[in-house]
Amino acid sequence: QVQLVESGGGLVQAGGSLRLSCAASGLPVSRYSMGWFRQAPGKDREFVAGIRWSGGDTYYAASVKGRFTISRDNAKNTVYLQMNSLKSEDTAVYYCALPRPMTTDWIRIIYWGQGTQVTVSS
């Protein structure tokens with residue numbers, strides 16, 4: 001059974017930092033790109049960042065580029081999202097997500113985590 005378990009969310013002041021983690025189990029993580037999405041109240045879920053299964057390429061939404069960094073540790077089956085210079089508009093539930101194996105098809109996500117709340121106070 002595939003499981004994605006996020007952690008690291010919380011309340012932080014604007015300008016602060018948080019690091020999210022997503023631990024995957026039940027599948028060969030090295031064959032999957034891994035990504036983060038977020039959903040703010042009343043808004044659609046949106047792509048935030050992704051990293052190729054090989055770890056060589058990373059992808060970011062324009063709104064977070066330069067502030068967020070995605071990384072992965074396949075030995076720990078874990079993907080991370082380091083979030084710096086947080087803004088109130090970053091407030092959302094953040095979801096870990098996996099697309100089809102050996103693709104970066106962020107449109108067709110096949111596995112989702114349960115989400116972790118990030119709240120940035122201004």
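In what follows, residues are counted from 1 in the order of the sequence shown.
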Has Arg19 got its NZ or CZ under 6.0 Å from the middle of the six-membered ring of Tyr80, at an angle within 45 degrees of the ring axis?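 Judged by the rule, Arg19 and Tyr80 form a cation-pi pair.
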Cation-pi check, Arg45 to Trp112: give yes when NZ or CZ is under 6.0 Å from the six-membered ring centre and within 45° of the ring axis, no otherwise.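 Checked: cation-pi criterion met.
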Please determine whether residues [X] and [Y] belong to a single hydrophobic cluster, defined as Ile, Leu, Val, Met, Phe, Trp and Tyr linked transitively by side-chain heavy-atom distances below 4.5 Å.
{"X": "Leu20", "Y": "Tyr111", "result": "yes"}
{"X": "Trp53", "Y": "Leu4", "result": "no"}
{"X": "Val93", "Y": "Ile109", "result": "yes"}
{"X": "Phe68", "Y": "Leu11", "result": "no"}
{"X": "Trp36", "Y": "Val64", "result": "yes"}

Under 3.5 Å, is there a donor-acceptor pair linking the side chains of [X] and [Y]?
{"X": "Ser17", "Y": "Asn84", "answer": "yes"}
{"X": "Glu46", "Y": "Gln39", "answer": "no"}
{"X": "Arg67", "Y": "Tyr60", "answer": "no"}
{"X": "Gln117", "Y": "Thr119", "answer": "yes"}

Check: [Y] main-chain N/O paired with [X] side-chain donor or acceptor under 3.5 Å:
{"X": "Thr78", "Y": "Lys76", "value": "yes"}
{"X": "Arg31", "Y": "Arg100", "value": "no"}
{"X": "Gln13", "Y": "Ser122", "value": "no"}

To the nearest 0.5 Å, atom OG of Ser33 lies from atom CG of Leu98 at 8.0 Å
Distance (rounded to the nearest 0.5 Å) between Leu27 CG and Gln3 CD: 10.5 Å
Criterion side chain to side chain contact (heavy atoms under 4.5 Å, CB included) against Leu18, the qualifying member of Val120, Val12, Thr116: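 Checked Val120, Val12, Thr116 against Leu18; only one passes side chain to side chain contact (heavy atoms under 4.5 Å, CB included): Val12.
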So that I know where these two stand, are Tyr95 and Phe37 an aromatic pair - ring centroids less than 6.0 Å apart? no
salt_bridge(Asp105, Arg108) N-O dist < 4.0 Å: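 Answer for the salt bridge query: yes.
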